[in-house]
Visitor: 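Dropping a structure here in structure tokens format, bear with me for questions.
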Amino acid sequence: MTAIKPTFTEEDALSFHMQGRPGKIEIISTKPLTTQRDLSLAYSPGVAWPCLRIAKDPNAAYDYTSKGNLVAVISNGTAVLGLGDLGALASKPVMEGKCVLFKRFADIDSIDLEIDTKEVDAFVNSVRYLAPSFGGINLEDIKAPECFIIEQQLRELMNIPVFHDDQHGTAIITAAGLINAMHLTGRDMKTTKLVINGAGAAAIACAELVKAMGMPSDHVILCDTKGVIYTGRTEGMNQWKSAHATPTEKRTLAEALNGADAFVGLSVKDAVTPEMVREMAAKPIIFAMANPDPEITPEEVRSVRDDAIVATGRSDYPNQVNNVLGFPYIFRGALDVRASTINETMKIAAARALAELARQDVPDEVDAAYSGRRLRFGPEYIIPVPFDPRLISHVPPAVARAAMDSGVARRPIIDMESYVASLKGRLDPSAGSLHMIFDRVQHNPKRVVFAEGEEEKVIRAAIAFRAAGYGTPVLIGRTERIEETIRQSSLTDAVGLEVVNARVSPHNKLYADRLYARLQRQGFLQRDALRMVNQDRNIFAACMVAEGHADAMVTGVTRSFYVCLDDAMKVFDAREGQTLMAVSILIARGRTVLIADTSVHELPTSDQLADFAVQCASIARHLGHEPRVALLSFSNFGHPPREKAERIREAVHILDDRKVDFEYDGEMQANVALNYALMKELYPFCRLGGPANVLIMPALHSANIVAKLMQELGGTAIGPILVGLEKPVQIVQTGATVNEIVTAAAFAALATTPLSR
Ligand SMILES: NC(=O)C1=CN([C@@H]2O[C@H](COP(=O)(O)OP(=O)(O)OC[C@H]3O[C@@H](n4cnc5c(N)ncnc54)[C@H](OP(=O)(O)O)[C@@H]3O)[C@@H](O)[C@H]2O)C=CC1
Ligand SMILES: CC(=O)C(=O)O
Ligand SMILES: [Mg+2]
């Protein structure tokens with residue numbers, strides 16, 4: 001069987017989960033809790049008032065607590081992905097994962113609860129009394145048939161939506177994919193013959209939904225570990241399987257697939273062979289959805305059929321049929337109308353909305369997020385991609401409308417148009433734009449030199465860089481040292497990493513000549529240049545890039561930014577027409593802000609400040625943001641009148657003269673720049689049309705201090721990213737983590753890639 005090439009190692013996955021605060025979620029307070037007054041309001045005695053209101057009117061809980069936007073993700077770990085019964089505790093990483101997907105894709109807060117029992121009654125009793133806390137319950141990875149009883153009982157006992165994602169989420173996405181795949185292959189629900197492998201939670205729900213959508217019962221054959229579920233079978237049966245037993249002579253999956261139009265795999269890896277696929281009807285539809293590894297890989301299908309439409313549950317192939325496309329948006333719609341349940345009408349509405357979205361023209365920004373792939377409705381694109389920002393405004397309104405039409409909405413939406421607009425505003429655009437950056441690098445892989453190649457962290461980063469598909473890493477260092485580190489650290493995925501030993505490189509003379517030509521009038525002799533090339537890995541790496549032996553370089557783990565920058569500047573100049581500078585990207589609480597110059601110019605001139613504004617505006621656009629640039633100071637538009645702010649005011653005038661095509665203004669204080677209400681109240685003439693997302697700082701100290709403060713006090717900081725050098729060089733901060741090195745290397749690779757396609 002063809003193995004799927006992983007884009008990361010086991011170690012990457014483990015360290016991703018372990019680094020920083022272990023796990024993937026934390027709870028943050030939405031109200032300030034800094035003063036005695038805050039404390040009195042948030043807790044006793046102030047908290048008594050909302051308690052009394054809710055006691056009088058339970059609906060008030062939606063106004064005074066997080067209930068209305070809070071979903072519990074609950075499992076007992078009996079069917080963790082396709083890995084089987086790993087137990088409650090071991091399911092926690094998946095459940096935390098579902099929580100972050102809820103947040104990322106639909107701005108829903110959620111908490112994972114792992115319940116350590118396989119007993120149906122005990123499980124039901126643990127959950128049934130939680131209704132006051134949550135707006136909805138998302139059951140996950142509970143095995144069949146217990147999941148059916150658990151869900152049924154909880155739906156009867158609780159007055160909030162209870163939704164077993166593996167059943168209905170999966171069924172909805174599968175139905176959406178099937179609608180489109182059938183459309184493309186000229187089939188319809190009435191005539192298509194479907195085989196579903198697996199007869200558990202996901203499979204039974206899929207069978208139910210496609211039948212509810214018009215597929216005749218005797219056109220759907222289910223198989224499990226015992227083979228075909230036929231009428232009269234007694235072995236390994238339960239009432240849910242019996243309900244889908246088919247009158248057929250077929251007994252094995254291979255027999256069932258012979259002549260079948262479509263296959264849906266919700267079982268385990270490798271359950272299907274190429275020989276089985278070969279016997280399917282023309283233009284077969286094959287959804288191999290077992291996770292993490294499918295029943296059959298797309299490569300295996302291709303080896304025997306070139307007319308198949310293939311989907312998997314994975315993100316590294318086209319057509320990801322995975323419930324991530326469903327549960328965030330279905331709950332968003334259900335919560336927004338305070339639905340008492342999620343019913344068939346809502347599920348079918350979600351499936352149709354998803355199918356319909358895939359048939360729409362794909363806007364450029366979605367295409368850009370998946371560069372290299374042309375997302376056009378067809379065999380390779382039958383279902384929207386998870387990072388499609390239209391999902392949030394497309395699926396929840398369909399679900400909400402269906403809830404209203406079917407009478408389960410307790411707070412109907414009056415103004416759908418405003419609702420759709422509010423949905424668009426829920427998502428942090430930065431997450432999508434960073435995804436876009438990395439995707440772009442993956443589709444234009446580059447050769448990147450890792451100058452400090454003997455460092456364990458750097459070797460790990462090189463492995464991760466290669467595995468992520470960003471390009472070919474080249475480690476600078478002594479081969480035997482690097483091999484020793486790889487051995488000592490048991491790095492199993494280092495095979496084939498390219499190592500260049502500066503001391504014995506055949507290019508040293510070429511590099512030294514280049515260096516000498518640049519430095520001879522700065523007091524350097526030819527032999528100094530040769531020594532630097534031989535001994536200084538930054539210089540050697542930079543020379544490799546200068547001579548075209550690599551595309552970009554990354555350094556900085558062991559030496560300070562300024563030493564590294566100095567080394568790079570021995571080999572390169574600033575790019576013509578650009579000013580060298582460093583930008584930090586700060587992401588905090590759903591906002592992305594670019595700050596410059598965080599590393600290079602100590603006291604920039606007005607001209608340089610204007611250059612920073614222009615260059616940052618361009619970066620902001622490449623990240624998918626319309627730039628609103630604020631030139632910051634300690635004063636606002638001339639008040640208080642201090643000489644030190646004149647440099648900033650002058651920069652604004654320079655931008656006026658240059659007639660730039662983005663919003664900018666200043667000088668202003670940081671709070672005015674970031675707080676749009678305050679800006680409009682105090683300075684209605686300010687030309688920014690929203691809060692600033694690019695902050696040009698007056699000097700290096702303020703820029704650098706702010707970036708580091710933000711990094712330590714919360715939020716995500718990316719960078720400093722060096723901009724404006726002749727060739728792409730990125731310098732991480734001393735002691736950077738493996739992830740930070742990989743990100744810097746990806747940014748280095750990006751700089752050699754056309755930013756707009
Ligand atoms: N892509 C997606 O979005 C989703 C994918 N899935 C995947 O679907 C699979 C099943 O999940 P779920 O329904 O929750 O689990 P369940 O435990 O409820 O069901 C598993 C089913 O798979 C059957 N099965 C196991 N091995 C085989 C085999 N070799 N051949 C045929 N059938 C087999 C079992 O048969 P038996 O009844 O005889 O034991 C059982 O019916 C998992 O791989 C999961 O990752 C699930 C949800 C969403
Ligand atoms: C995707 C998912 O929920 C599963 O594989 O179980
Ligand atoms: Mg699941």
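Just so you know, these numbers come straight off a predicted model, no measurement behind them. One-based numbering, in listed order, for ligands and for the atoms of each.
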Visitor: Tell me which part of Thr170 gets within contact of ligand 1: side chain, backbone, both or neither, using heavy atoms under 4.0 Å.
Guide: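 Within the 4.0 Å criterion, Thr170 contacts ligand 1 through side-chain atoms alone.
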Visitor: If you count every heavy atom of other residues, nucleotides or ligands that lies below 6.0 Å from Lys241 atom NZ, does the total exceed 12?
Guide: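 Above 12, so yes.
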Visitor: Is the shortest distance from a heavy atom of Lys241 to ligand 1 less than 4.0 Å?
Guide: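 For ligand 1, residue contact (heavy atoms, under 4.0 Å) with Lys241 is present.
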Visitor: Parallel, tilted or perpendicular, judged at 30° and 60°: which one describes the rings of Phe331 and Phe163?
Guide: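 Aromatic pair Phe331/Phe163 classed perpendicular.
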Visitor: Out of all atoms in ligand 1, which are within 4.0 Å of some heavy atom of Ala79? Include the element for each.
Guide: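 Ligand 1 atoms under the 4.0 Å threshold to Ala79: 15 (O), 17 (O).
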Visitor: Is the NZ or CZ atom of Arg376 both under 6.0 Å from the centre of the six-membered ring of Tyr381 and within 45° of that ring's axis?
Guide: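 Checked: cation-pi criterion not met.
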Visitor: Is Ala271 in polar range of ligand 1, meaning some N or O pair under 3.5 Å apart?
Guide: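 Checking ligand 1 against Ala271, no N or O pair falls under 3.5 Å apart.
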Visitor: I'd like to know whether ligand 2 has Met289 as a neighbour, heavy-atom separation below 4.0 Å.
Guide: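 No heavy atom of Met289 comes that close to ligand 2.
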Visitor: Can you check whether Lys226 has an N/O within less than 3.5 Å of an N/O in ligand 1?
Guide: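 Checking ligand 1 against Lys226, no N or O pair falls under 3.5 Å apart.
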Visitor: Vertex the Mg ion (ligand 3): angle to OE2 of Glu140 and OD1 of Asp141, to 10°?
Guide: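 The two atoms subtend 100° at the Mg ion (ligand 3).
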Visitor: Within ligand 2, which atoms have a heavy atom of Asp166 less than 4.0 Å away?
Guide: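 Numbered from 1, ligand 2 contributes 2 (C), 3 (O), 4 (C), 6 (O).
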Visitor: Before you tell me yes or no, could you show the steps for Asn323 and Asp165 under side chain to side chain donor-acceptor pair (under 3.5 Å), namely the whole-Å CA-CA distance, both residues' side-chain angles and the distance that decides it to 0.1 Å?
Guide: CA-CA 7 Å; Asn323 52 24; Asp165 177 39; 3.2 Å; yes
Visitor: Starting from atom 5 (C) of ligand 1, locate the nearest protein heavy atom and write down its residue, its atom name and how far away it is, to 0.1 Å.
Guide: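 Of the protein heavy atoms, Met289 O, 3.2 Å lies nearest.
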Visitor: Looking only at distances, can you tell me whether any N or O atom of Asp166, backbone or side chain, sits closer than 3.5 Å to an N or O atom of ligand 1?
Guide: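 Among all N and O atoms of Asp166, none is under 3.5 Å from an N or O of ligand 1.
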Visitor: Which ligand 1 atoms does Lys143 reach within 4.0 Å, using its non-hydrogen atoms?
Guide: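 Result: 17 (O), 18 (O).
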Visitor: Has ligand 1 got any nitrogen or oxygen that is less than 3.5 angstrom from a nitrogen or oxygen of Ala290?
Guide: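 No: no nitrogen or oxygen of Ala290 is under 3.5 Å from one in ligand 1.
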Visitor: Run through Asn319, Thr297, Asp293 and flag the one making a side-chain hydrogen bond (donor to acceptor under 3.5 Å, both in side chains) with Arg314.
Guide: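 Only match with Arg314 under side-chain hydrogen bond (donor to acceptor under 3.5 Å, both in side chains): Asp293.
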Visitor: N/O to N/O below 3.5 Å, does that happen between Asn291 and ligand 2?
Guide: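 Checking ligand 2 against Asn291, an N or O pair does fall under 3.5 Å apart.
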Visitor: Using a 4.0 Å heavy-atom threshold (strictly under), name the region of Asn197 that reaches ligand 1: side chain, backbone, both or neither.
Guide: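 Just the side chain.
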Visitor: Does Lys118 have more than 12 heavy atoms from other residues, nucleotides or ligands lying within 6.0 Å of its NZ?
Guide: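 No, NZ of Lys118 has 12 or fewer neighbouring heavy atoms, counting only those of other groups under 6.0 Å.
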Visitor: Go through Met182 and Leu184 one step at a time and tell me if the side chain to side chain contact (heavy atoms under 4.5 Å, CB included) criterion holds.
Guide: CA-CA 5 Å; Met182 286 195 262; Leu184 286 167; over 6 Å; no
Visitor: Does atom CD (Glu119) have a neighbourhood of more than 12 heavy atoms from anything else shown, all under 6.0 Å?
Guide: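 Open.
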Visitor: Specify the protein heavy atom at minimum distance from atom 3 (O) of ligand 1: its residue, its atom name, and the distance to 0.1 Å.
Guide: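 Atom 3 (O) of ligand 1 sits closest to the protein heavy atom Asn323 N, 2.9 Å.
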Visitor: Geometry only, no angles: is Ala202 polar-contacting ligand 1 at N/O separations under 3.5 Å?
Guide: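 Ala202 vs ligand 1: N/O contact under 3.5 Å present.
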Visitor: Are there more than 12 heavy atoms of other residues, nucleotides or ligands under 6.0 Å from atom NZ of Lys250?
Guide: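 Check passes, neighbour count above 12.
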Visitor: Under 4.0 Å, heavy atoms only, figure out whether ligand 1 is touched by the backbone of Asp141, its side chain, both or neither.
Guide: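 It is neither part, as no heavy atom is under 4.0 Å.
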Visitor: With heavy atoms of Val321 as the reference, note each atom of ligand 1 found under 4.0 Å away.
Guide: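 Atoms satisfying the 4.0 Å criterion: 1 (N), 2 (C), 3 (O).
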Visitor: Within less than 2.8 Å of the Mg ion (ligand 3), any N, O or S from Asp166?
Guide: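 Looking at Asp166, which is the residue asked about, there is an N, O or S atom under 2.8 Å from the Mg ion (ligand 3).
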Visitor: Could you tell me, atom by atom, which parts of ligand 2 come under 4.0 Å of a heavy atom of Glu140?
Guide: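 The list of qualifying atoms is 3 (O).
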Visitor: I want to check something: taking the side chain as every heavy atom from C-beta on, are Ile296 and Asp270 in contact at a cut-off of under 4.5 Å?
Guide: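 No. Closest side-chain heavy atoms not under 4.5 Å.
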Visitor: May I ask you to list the atoms of ligand 1 that are less than 4.0 angstrom from any heavy atom of Gly82?
Guide: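 Those atoms are 42 (C), 43 (O), 44 (C), 45 (O).
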Visitor: Knowing that exactly one of Leu86, Asp112, Val80, Leu83 qualifies, which makes a side-chain contact (heavy atoms from CB on, under 4.5 Å) with Val94?
Guide: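 When side-chain contact (heavy atoms from CB on, under 4.5 Å) is applied between Val94 and each of Leu86, Asp112, Val80, Leu83, only Val80 qualifies.
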Visitor: Counting heavy atoms only, name the option from Asp224, Val268, Val80 that's nearest to atom 35 (O) of ligand 1.
Guide: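 Going through Asp224, Val268, Val80 one by one, Asp224 has the nearest heavy atom to atom 35 (O) of ligand 1.
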Visitor: Considering Gly200, Ala288, Pro292 one by one, which has a heavy atom nearer to atom 21 (C) of ligand 1 than any of the others?
Guide: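 Looking at heavy atoms only, Gly200 sits closest to atom 21 (C) of ligand 1.
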Visitor: For Asn125 and Asp121, indicate whether the former's side chain and the latter's backbone hold a donor-acceptor pair under 3.5 Å.
Guide: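 Present.
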Visitor: Looking only at protein heavy atoms, which one is nearest to atom 41 (O) of ligand 1, and what is the separation?
Guide: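 Answer for atom 41 (O) of ligand 1: Ala199 N, 2.9 Å.
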Visitor: Just to confirm my output: which protein heavy-atom neighbour is closest to atom 10 (C) of ligand 1, and how far is it?
Guide: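 Going by distance alone, atom 10 (C) of ligand 1 is nearest to Leu266 O, 3.3 Å.
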Visitor: Pair Arg302, Asp306 - check salt bridge (Lys or Arg N to Asp or Glu O under 4.0 Å), show working.
Guide: CA-CA 5 Å; Arg302 294 271 168 261; Asp306 56 12; over 6 Å; no
Visitor: With heavy atoms of Lys98 as the reference, note each atom of ligand 2 found under 4.0 Å away.
Guide: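 Listed by number with element: 1 (C), 2 (C), 3 (O).
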Visitor: Which of the numbered atoms in ligand 1 are under 4.0 angstrom from any heavy atom belonging to Ala144?
Guide: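 Those qualifying, in numeric order: 18 (O).
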Visitor: Is it true that, when you exclude Lys211 itself, more than 12 heavy atoms of the residues, nucleotides or ligands shown sit nearer than 6.0 Å to its NZ?
Guide: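 Yes, NZ of Lys211 has more than 12 neighbouring heavy atoms, counting only those of other groups under 6.0 Å.
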Visitor: Starting from atom 27 (C) of ligand 1, what is the nearest protein heavy atom, named by residue and atom, and what distance separates them?
Guide: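 Of every protein heavy atom, Thr225 CG2, 3.6 Å lies nearest to atom 27 (C) of ligand 1.
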Visitor: If the cut-off is 4.0 Å to any non-hydrogen atom of Asn322, which atoms of ligand 2 fall inside it?
Guide: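 It comes down to these atoms of ligand 2: 1 (C).
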Visitor: Using a 4.0 Å cutoff against the non-hydrogen atoms of Ala201, which atoms of ligand 1 qualify?
Guide: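 Near Ala201, the atoms of ligand 1 are 13 (O), 14 (O), 18 (O).
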Visitor: Measure from the ring center of Phe105 to the ring center of Phe327 and say whether it is less than 6.0 Å.
Guide: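 No; Phe327 has its ring centre 6.0 Å or more from that of Phe105.
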Visitor: Output the list of atoms in ligand 2 that are nearer than 4.0 Å to some heavy atom of Asn323, sorted by atom number.
Guide: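 Every atom of ligand 2 under 4.0 Å from some heavy atom of Asn323: 1 (C), 2 (C), 3 (O).
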Visitor: Would you say the side chains of Glu356 and His394 form a donor-acceptor pair under 3.5 Å?
Guide: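 Their side chains do contain a donor-acceptor pair, which is all the 3.5 Å distance test asks for.
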Visitor: Give yes or no for whether the N/O distance cutoff of 3.5 Å, strictly under, is met between Asp141 and ligand 2.
Guide: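 Between Asp141 and ligand 2, an N or O pair is found under 3.5 Å apart.
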Visitor: Heavy-atom count check: over 12 atoms from other residues, nucleotides or ligands less than 6.0 Å from Glu10 CD?
Guide: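 Atom CD in Glu10 is not packed in, count stays at 12 or less.
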Visitor: Just do the side chain to side chain donor-acceptor pair (under 3.5 Å) check on Arg278 and Asn258 with the steps written out, would you?
Guide: CA-CA 8 Å; Arg278 189 181 283 131; Asn258 195 330; over 6 Å; no
Visitor: Apply salt bridge (Lys or Arg N to Asp or Glu O under 4.0 Å) to residues Glu26 and Arg21 and explain how you reach the verdict.
Guide: CA-CA 9 Å; Glu26 67 173 343; Arg21 193 180 289 225; 3.1 Å; yes
Visitor: Among all protein heavy atoms, pick the one closest to atom 11 (O) of ligand 1 and tell me residue, atom and distance.
Guide: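 Looking only at protein heavy atoms, the one closest to atom 11 (O) of ligand 1 is Leu81 O, 4.3 Å.
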